[in-house]
Structure formats: structure tokens, C-alpha cells
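Computation of the quantities below employed the complete heavy-atom set of this structure, encompassing side-chain atoms and omitting hydrogens, waters and symmetry-equivalent molecules.
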Amino acid sequence: MQRFSWGLSLGAVCLFAACGGKVDSLTDDDAGGAKDAAVDHAAVKIDAGLDTGTVYQPLGKKCDPPTGAAPPLWTPSGTAPALHPPIMQSSGGPTLTNPQLVAMTFDGDDLRDQIEDFIDSVGCTTYWRSFLPEYGINDAYALPPVHLSDTPPATIDDTQIALYIRQKILTKAVPDDVPGSTLYVIYYPDSTDITLQGEHSCSSFGGYHNEVALSDGRHVAYAVIPRCGGFGGLGEFDELSGTTSHELAEAVTDPNPMSNPAYQFPEGNGLAWALGGGGEIGDLCESNDDAFFEPSDYPFYVQRQWSSEAAYGGHDPCQPSGSTYFAAAPVMPDTIPFDIGLGAESTIGVKLAVNGTTTINLNLISDASWTAPITVTVHDASHFTGGNTSLNFTLQTTQGHVGDSIPLQITRIGTNSQLGLEPFVVRAQSQGITRSWWGVVGDP
């Protein structure tokens with residue numbers, strides 16, 4: 001469920017690649033009366049490559065189905081630092097503990113081979129294993145890919161995509177070896193404009209994941225990846241694999257984002273992070289400058305993802321990471337009640353009425369020795385979403401070192417949120433690295 005101006009999520013705008021979706025409860029009549037059934041693998045096309053006269057040589061190592069049990073969930077133990085990024089909190093829904101991945105591409109897609117290579121290999125990489133085991137997720141493996149002979153539409157809405165995937169499941173046109181464990185990843189060409197809640201692909205969002213209900217009561221996860229031609233200096237396929245990695249990680253940890261969410265939001269005290277950047281494990285990391293990268297032991301671009309274990313220890317929560325972690329953490333003195341539809345909760349924040357002014361401290365922290373100066377900037381979340389400015393900031397100084405405390409004056413000049421909550425982000429920059437920390441101003 002991602003935020004920003006590149007990806008749109010249900011109920012919120014998403015950033016760069018991904019979002020959650022909404023559930024479409026469809027009837028058997030929607031699929032021409034077909035009934036749910038096991039797939040006939042003989043009817044599923046296996047990739048033979050495009051007819052280019054050359055045979056594609058995979059760059060990744062194909063993953064085998066895992067043989068062991070899913071790893072145990074990580075739970076906090078010991079004492080965390082006084083200031084640490086929030087940990088993710090499950091809402092109780094299921095996860096895909098042993099994910100089966102199915103790539104769905106349309107005939108004529110010149111990136112089909114690379115897509116299927118990525119889907120075949122990403123689920124058993126060091127990258128995958130650096131953050132997903134703590135959420136109880138095992139290695140992922142690919143089922144036979146699906147080659148779609150249908151003509152891609154010029155425009156299609158998410159509700160139609162849900163129906164399309166459901167129909168493929170009901171007519172046994174796609175594999176589903178272990179029901180309840182399959183994630184379908186459908187790739188559309190750049191000639192298709194995808195709409196989601198009135199927003200358009202590649203202008204408002206770069207991808208999302210969702211679910212669709214079947215007649216047997218199961219809710220099946222799927223991810224939708226448009227073709228956007230690259231962003232942020234990434235080439236077309238690098239953007240595609242990075243976006244896919246975002247959606248895979250979020251979909252396996254939150255496969256039913258609307259009907260029965262799992263890891264969709266951080267703990268209550270991390271509400272500001274969800275309001276500002278989006279709540280799922282990909283959303284929380286995607287705004288970092290180094291979010292997308294090519295691992296040293298894997299030939300495809302991927303996105304770093306949120307690790308609760310690292311956050312609780314006061315380390316870089318966006319994993320994998322080999323760098324020293326530093327940040328400018330706002331010391332938020334108040335407890336603010338809120339209810340975003342999941343029941344009454346509370347979060348740490350700053351209580352401030354419109355036209356009021358207060359001062360808090362920004363503590364410069366690190367998980368190791370970091371001696372270089374740190375430059376700090378503070379922004380209202382509207383800086384990223386295009387909304388009206390509701391908060392003004394004045395820093396006593398814009399630079400300091402680990403251990404320093406910088407006074408920050410906040411003036412509330414308006415309100416953007418119906419919840420009465422105004423998120424802001426503190427950016428700490430040093431040695432070419434930028435790290436963010438979110439805070440929130442709420443009604444007194």
C-alpha cells in the first residue's frame with residue numbers, strides 16, 4: 001500500500017512503485033459459470049523465449065520449493081533504544097508463508113524472458129532472506145509462467161483486472177498448486193493505461209497489489225505492474241524489477257489488504273510513518289535515495305524493505321543495508337488519540353492548535369561511530385503530495401553531529417487532514433546518504 005505521486009494505494013496516494021488494493025467479490029457468473037478447480041499444467045505455456053533467433057540465458061538461479069517449515073515470527077526482546085524507528089504490527093490477517101509466484105505476460109512482450117528470470121530467481125536470494133524471514137515468510141518459488149494471447153486493452157480498471165485473473169483461475173488457465181499460497185503478477189505493456197480509484201498508471205502510481213475473492217471463500221493475491229519506462233535514473237527493466245520486488249514483498253506480508261490485512265501498518269507510535277510514506281514494508285523505505293539498488297550477488301535491481309528487527313535495534317530499518325545508520329529523530333512529547341477505521345489507538349506526536357507555535361528537539365543519533373557532520377531539513381508532508389501547507393518549521397541550526405540536539409520550532413498554519421493529523425518528515429543528510437524520520441502534529 002504505497003504512497004506518493006508514483007503509486008496509488010487504497011485510500012491514499014503512493015510513492016514510486018506500489019500499493020495495496022481493494023477486494024472484488026465476484027460470482028461464478030462473472031467467469032461464465034466456470035467452477036474453481038485444480039490447474040492442468042499441460043494447459044499452461046512454459047517460456048520458450050521470443051522468436052528472435054537466440055535463446056535467452058537466465059541470469060538468476062531458479063528457486064526450488066522450500067523443504068523446511070516457515071521461519072518463526074520475530075518478536076521484540078530486550079530493551080530497544082529510547083529513539084528507534086517503529087516496528088511493523090500485524091492486524092491478524094494471513095501471510096503467504098510459502099509463496100508461489102506466477103508471472104503473467106502478454107504475447108509480444110520483449111521483456112518476457114527477463115521478467116520470468118526475475119520471478120524464477122528472486123525468492124531464494126540473499127536479498128529476499130535479509131528481511132522476510134522475520135515476518136514468517138519462507139523462500140518463494142515460481143510456478144509455470146502464463147503467456148497471455150489476448151490483446152492487451154488500451155485501458156483497463158483494477159476491477160476488470162480482478163475479474164480477468166479470477167476467470168483465469170476458474171477456467172484452469174493458470175497454475176495454483178497450493179491454494180492460498182499463490183501470488184499472480186501480471187505485466188501490462190506501455191500501450192495499456194491502468195486505472196485504480198480514478199488514478200492512472202505511470203502518472204499517479206507505478207504498481208500495486210490487491211486481492212480477488214473466489215466462490216470457495218478464498219481471497220487470492222495479485223500484483224499489477226504497468227510499463228512506465230523507468231524512473232529516477234533507472235532503465236526500463238531495472239525500474240520493472242525494482243517495482244516488482246516492492247510488490248512481491250508487500251503482497252506476501254499483506255496478501256489480503258482490504259478483507260483481512262496483516263502487515264499493513266507499523267505500531268501505533270509509528271502512525272506518522274504510515275501517514276507520510278505509506279504503511280507496508282516497501283512503502284516505508286521507498287523514499288530513501290538508495291531504496292533501489294543492484295545487490296552484489298544478484299543481477300537485478302530490487303528495493304530495500306522494512307525490517308522490524310533492525311528498527312527495534314536502532315539500526316537501519318531498510319534492509320539489506322551495510323552502512324552505518326544515522327538519523328535526526330524528533331522528540332515528540334505528546335500522546336495523540338486517533339482512529340483510522342481499525343479501532344481507537346494512540347500515537348506519539350506534537351499537540352498543536354491551528355495558529356499555535358511550539359518547539360521540540362531533534363536528536364542526532366547513530367548505531368555506530370559517525371563523526372561526519374549531519375545536515376537537517378524538515379518538510380510538511382504536503383511538500384510531497386501537492387497539498388496545502390499546514391506546518392511551518394524553523395531550525396535553530398541546520399547542521400550538527402551525533403549526540404547533538406537541534407531545537408525545531410513548529411507553527412501550525414492550517415490543516416489538511418480530516419483526522420486532524422499533519423505528518424512531517426525530518427531529513428538527515430551526510431556523506432551522500434539521506435535518512436528520513438517522520439513525525440506528526442495533532443489537534444490538542
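- With hydrogens and angles left out, the side-chain atoms of Thr389 and Asp380 include no donor and acceptor closer than 3.5 Å.
- No side-chain donor-acceptor contact under 3.5 Å links Ser307 and Gln319.
- No side-chain heavy atom of Asp254 sits under 4.5 Å from any side-chain heavy atom of Thr95.
- A distance-only check finds no donor-acceptor pair linking the side chain of Thr97 to the backbone of Gly136 [under 3.5 Å].
- Side-chain contact of Asn256 with His219: a donor-acceptor pair under 3.5 Å is absent, judged by distance alone.
- Side chains of Thr357 and Thr411: a donor on one and an acceptor on the other come within 3.5 Å.
- For the residue pair Asn363/Ser405, the side-chain donor-acceptor check at 3.5 Å is satisfied.
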**Request:** Applying side-chain contact (heavy atoms from CB on, under 4.5 Å), run through Arg227 and Leu111 and close with a yes or a no.
**Result:** CA-CA 10 Å; Arg227 194 67 48 86; Leu111 294 179; 3.7 Å; yes

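- No donor-acceptor distance shorter than 3.5 angstrom exists from the side chain of Glu199 to the backbone of Ser204, with no hydrogens or angles considered.
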**Asked** Do Gln409 and Thr359 pass the side chain to side chain donor-acceptor pair (under 3.5 Å) test, and can you show the C-alpha distance, the side-chain angles, and the key distance before you say yes or no?
**Response** CA-CA 4 Å; Gln409 180 179 285; Thr359 298; 4.5 Å; no

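- Just one of Val174, Val185, Val224, Ile225 meets the side-chain contact (heavy atoms from CB on, under 4.5 Å) condition when paired with Met104; it is Val174.
- A heavy-atom distance below 4.5 Å is found between the side chains of Leu395 and Ile406.
- Using a 4.5 Å heavy-atom cutoff, the side chains of Asp334 and Ile348 are not in contact.
- In summary, the side chains of Ser245 and Gln303 do not present any donor paired with an acceptor at a separation below 3.5 Å, with no hydrogens or angles considered.
- A distance of 6.5 Å separates CZ in Phe293 from OH in Tyr127, rounded to the nearest 0.5 Å.
- Checking Thr434 against Gln429 by side-chain atom types alone, no donor-acceptor pair falls below 3.5 Å.
- Of the possible donor and acceptor atoms, one in the side chain of Gln100 sits under 3.5 Å from a partner among the backbone N and O of Val178.
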**Prompt:** Can you list the steps and then say if Tyr164 with Gln160 is a side-chain contact (heavy atoms from CB on, under 4.5 Å)?
**Reply:** CA-CA 6 Å; Tyr164 182 73; Gln160 297 169 299; over 6 Å; no

**Asked** Taking it one step at a time, do Lys351 and Asp443 satisfy side-chain contact (heavy atoms from CB on, under 4.5 Å)?
**Response** CA-CA 5 Å; Lys351 288 186 175 180; Asp443 294 336; over 6 Å; no

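- Checked by atom type, the side-chain pair Glu239/Thr243 shows a donor-acceptor distance below 3.5 Å.
- Distance check: Ile413 CD1 to Asn355 CG gives 9.0 Å after rounding to the nearest 0.5 Å.
- Within the 4.5 Å cutoff, side-chain heavy atoms of Arg166 are placed close to those of Leu214.
- Separation of atoms OG (Ser287) and CZ (Arg435) is listed at 9.5 Å; rounding is to 0.5 Å.
- Ring geometry for Tyr298 versus Phe118: interplanar angle of 30 to 60°, hence tilted.
- Judged purely by atom type and a 3.5 angstrom limit, Glu236 has no side-chain atom pairing as donor or acceptor with the backbone of Cys228.
- Look at Asp139 and Arg129 and you find a salt bridge, because one of the NZ, NE, NH1 or NH2 atoms lies within 4.0 Å of a carboxylate O, short of that distance.
- Salt-bridge check for Lys61 with Asp297: failed, with every basic side-chain N at 4.0 Å or more from each acidic carboxylate O.
- At least one donor-acceptor pair closer than 3.5 Å links the side chain of Gln264 to the backbone N or O of Pro257.
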Show every donor-acceptor pair shorter than 3.5 Å between a side-chain atom in residues 65-94 and any protein atom, with sequence neighbours excluded, or say none if there are none.
from, atom 1, to, atom 2, distance (Å)
Ser90, OG, Gly92, N, 3.0

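- In summary, the side chains of Tyr56 and Asp117 do present a donor paired with an acceptor at a separation below 3.5 Å, with no hydrogens or angles considered.
- Proximity of Thr398 to Thr377: side-chain heavy atoms (C-beta onward) are nowhere separated by under 4.5 Å.
- Between the side chain of Asp158 and the backbone N or O of Leu196 there is no donor-acceptor pair closer than 3.5 Å.
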**Asked** What's the verdict on side chain to side chain donor-acceptor pair (under 3.5 Å) for Asp109 and Tyr188, showing C-alpha distance, side-chain angles and the deciding distance?
**Response** CA-CA 9 Å; Asp109 191 331; Tyr188 282 91; over 6 Å; no

**Request:** Could you give me the CA-CA distance, side-chain angles and deciding distance for Tyr187 and Phe106, then say whether ring pair (Phe, Tyr, Trp, His ring centres under 6.0 Å) is met?
**Result:** CA-CA 7 Å; Tyr187 293 83; Phe106 289 87; over 10 Å; no

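- Remark: Trp438 CH2 to Ser436 OG distance equals 7.0 Å, nearest 0.5 Å.
- Between the CG atom of Asp404 and the OG1 atom of Thr397 there is a distance of 9.0 Å, given to the nearest 0.5 Å.
- In the model, Gln399 has a side-chain atom that pairs as donor or acceptor with a side-chain atom of Thr375 under 3.5 Å.
- Proximity of Pro255 to Glu211: side-chain heavy atoms (C-beta onward) are nowhere separated by under 4.5 Å.
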**Item:** Check against side-chain contact (heavy atoms from CB on, under 4.5 Å), Val425 and Trp437
**Value:** CA-CA 6 Å; Val425 63; Trp437 198 295; over 6 Å; no

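- A donor-acceptor pair is defined here as one N or O able to donate and one able to accept, closer than 3.5 Å; no such pair exists between the side chain of Ser346 and the backbone of Thr335.
- Here the OH-CD distance, from Tyr135 to Glu309, works out to 10.0 Å after rounding to the nearest 0.5 Å.
- Here ring-ring contact (aromatic ring centres under 6.0 Å, His included) pairs that include residues 335-372, with residues two or more places apart or in two chains, are Phe326-Trp370.
- Residues Ile365 and Val402 have side chains not in contact (no heavy-atom distance under 4.5 Å, counting atoms from C-beta outward).
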**Request:** Any chance you could lay out the ring pair (Phe, Tyr, Trp, His ring centres under 6.0 Å) test for Phe300 and Phe237, step after step, and finish with the verdict?
**Result:** CA-CA 9 Å; Phe300 298 113; Phe237 188 73; 5.7 Å; yes

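- Within the 4.5 Å cutoff, no side-chain heavy atoms of Asn361 are placed close to those of Leu408.
- Look at Arg304 and Asp316 and you find no salt bridge, because none of the NZ, NE, NH1 or NH2 atoms lies under 4.0 Å from a carboxylate O.
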